[in-house]
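Have a look at the structure below before the remarks.
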Amino acid sequence: MGFAEQRFNVNLSILFTELPLLERPAAAAAAGFTAVELWWPWVDSPTPEQSELDALKKAIEDAGVQLTGLNFYAGQLPGPDRGALSIPGEESEKFRANIEVAADFAHSLGTKALNALYGNRVEGVDPAEQDALALENLVLAARAADRIGAILLIETLNQPESPRYPLVSAPAGIGIVDKVNDATGLGNAKFLMDLYHLSMNGEDLPSVIEQYAARTGHVQIADNPGRGAPGTGSLPLEELLDQLKKSGYEGWVGLEYKPGDRPSAEAFGWLPVEYRAAR
């Protein structure tokens, strides 16, 4: 099957970042893509002015692309943070303030996946306290996602690059998915399977796919080493995506890789133009 059989979207928070935010959707469209995803774009504000939300919505609509995924507020990302929802105090409150804002924005664009990054461990805070807070906030997020007909994604990161993030294995991520679904009864929490992060953790990727494809709501890719485009490292991404497809996964594959020392528009040579538009 190969790359031709996948539905790709471009993550505009890691690709095309040499451009202002409002120019990125059109740049992705010019490169041949019809779908995009975003981390929460306003890292300093979980509740930006309506005019800022409207401007981004217009840029996405004018470009003719679909926003297929959006992160909730996650702190300084890129940067030192890895989410806000398990961090007591101001960060948790920012996450809660963002929930309905992010859900409403997603709903306005027909976006059906919302990603909630768990957050780093905090020195001096009992991990059990953080986990209890995380579950409370994830339940709120799952209910907001359900209100707009969307799924809630739980993402595993990698230990070398995110040493204070507690979800650094596929089973850890699936464990939180189960806790949220058990708490809400909604069943809309799903695993975000990032093949780059899992490979950095040394996990057996074919085995992870075999076990968890049915529980997966979104897939993201980058090659390893280097987090570059497919073909810049040694991951058999084409084979892994084939396996996912054969295992029943029919969702989006997010291109969440670094373009390297070149404009982002030049970082898609591995994917023929005729395979970039979603089918």
Side-chain angles (χ1 to χ4, degrees), residues 1-19 21 23-25 27-39 41 65 68-69 71 74 76-82 115 117 153 155-163 165 168-170 192-206 208-209 216 218-245 249 251-278:
M1 292 186 287
F3 291 138
E5 298 298 316
Q6 306 300 330
R7 290 199 301 160
F8 291 108
N9 65 33
V10 177
N11 189 303
L12 297 181
S13 298
I14 192 168
L15 285 155
F16 295 108
T17 57
E18 67 269 28
L19 299 174
L21 175 65
E23 295 178 19
R24 295 176 203 170
F33 293 95
T34 55
V36 298
E37 63 182 26
L38 277 166
W39 303 341
V65 295
T68 58
N71 282 22
Q76 296 294 318
L77 186 73
D81 298 331
R82 298 291 186 271
N115 183 25
L117 283 172
L153 296 170
E155 183 172 7
T156 295
L157 301 184
N158 73 76
Q159 178 73 29
E161 294 175 325
S162 303
Y165 191 82
V168 288
S169 72
L192 196 168
M193 184 184 291
D194 187 309
L195 297 177
Y196 167 75
H197 288 310
L198 295 171
S199 70
M200 283 285 288
N201 288 326
E203 295 187 63
D204 181 337
L205 298 183
V208 168
I209 292 169
T216 297
H218 186 45
V219 171
Q220 291 174 333
I221 63 169
D223 215 330
N224 187 24
R227 200 174 184 177
T232 60
S234 57
L235 284 184
L237 289 168
E238 201 162 9
E239 295 173 24
L240 293 168
L241 293 179
D242 274 353
Q243 185 190 347
L244 268 159
K245 196 87 172 173
Y249 179 74
W252 294 96
V253 176
L255 305 181
E256 198 187 49
Y257 60 79
K258 298 176 182 179
D261 296 327
R262 57 186 169 173
S264 296
E266 298 175 11
F268 303 107
W270 59 276
L271 185 64
V273 173
E274 59 268 27
Y275 300 152
R276 298 178 190 179

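Heavy atoms only: backbone and side chains are in, while hydrogens, waters and symmetry mates are out.
- Between A74 and L77, the shortest heavy-atom distance links the atoms CB-CD2, 4.1 Å.
- Side-chain atoms of Q243 and P206, non-hydrogen and from C-beta on, do get closer than 4.5 Å to each other.
- By the 4.5 Å heavy-atom criterion applied to side chains, F33 and L15 are not counted as neighbours.
- Under the 4.5 Å side-chain criterion, counting only non-hydrogen atoms from C-beta, R24 is in contact with T17.
- Residue T156 holds its OG1 atom at 9.0 Å from CE of M193, rounded to the nearest 0.5 Å.
- Smallest separation of non-hydrogen atoms from S13 and L38: OG-CD2, 3.6 Å.
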Just do the side-chain contact (heavy atoms from CB on, under 4.5 Å) check on H218 and N9 with the steps written out, would you? CA-CA 11 Å; H218 186 45; N9 65 33; 3.9 Å; yes
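- A distance-only check finds no donor-acceptor pair linking the side chain of T34 to the backbone of V65 [under 3.5 Å].
- Checking side-chain atoms of Y249 against main-chain N and O of V219 turns up a donor-acceptor pair under 3.5 Å.
- Judged by distance alone, with hydrogens and angles left aside, the side-chain atoms of S199 form a donor-acceptor pair with the main-chain N or O of L195 at under 3.5 Å.
- No side-chain donor-acceptor contact under 3.5 Å links E203 to the backbone of V208.
- Atoms CD and CD, from E23 and E18 in turn, are 10.0 Å apart once rounded to the nearest 0.5 Å.
- Distance CG/L235 to CG/N224: 5.0 Å, rounded to 0.5 Å.
- No side-chain heavy atom of E266 sits under 4.5 Å from any side-chain heavy atom of P259.
- Put simply, the side chain of L240 does not reach to within 4.5 Å of the side chain of I221, judged on heavy atoms.
- Counting only distance, with no hydrogens or angles, the side chain of R82 and the backbone of L117 share no donor-acceptor pair below 3.5 Å.
- Separation of atoms CG (N11) and OG1 (T68) is listed at 9.5 Å; rounding is to 0.5 Å.
- Note: L21 CG to F16 CZ = 13.0 Å, rounded to the nearest 0.5 Å.
- From L255, atom CG reaches atom CZ of R276 across 10.0 Å, with rounding to the nearest 0.5 Å.
- Although no hydrogens or angles enter the test, the distance criterion places a donor-acceptor pair under 3.5 Å between the side chain of D81 and the main chain of Q76.
- Inter-residue side-chain proximity for F3 and P272 is flagged as unmet; no heavy-atom pair is nearer than 4.5 Å.
- Under the side chain to side chain donor-acceptor pair (under 3.5 Å) rule, Y196 has a single partner from E256, E161, Q220, R227, which is E161.
- Between the side chain of D223 and the backbone N or O of S234 there is at least one donor-acceptor pair closer than 3.5 Å.
- Summarising the geometry of P78 relative to W39, their closest heavy-atom pair is CD-CZ3, 3.6 Å, with the distance given to 0.1 Å.
- Heavy atoms only, all atoms of each residue included: L157 and S162 are closest at CD1-OG, 3.9 Å.
- A donor atom on one side chain and an acceptor atom on the other are not found under 3.5 Å apart for N158 and N201.
- Within a 6.0 Å radius of CD in E239, other residues, nucleotides and ligands contribute 12 heavy atoms or fewer.
- Of the candidates W270, W252, F268, F8 forms a ring-ring contact (aromatic ring centres under 6.0 Å, His included) with just one, namely W270.
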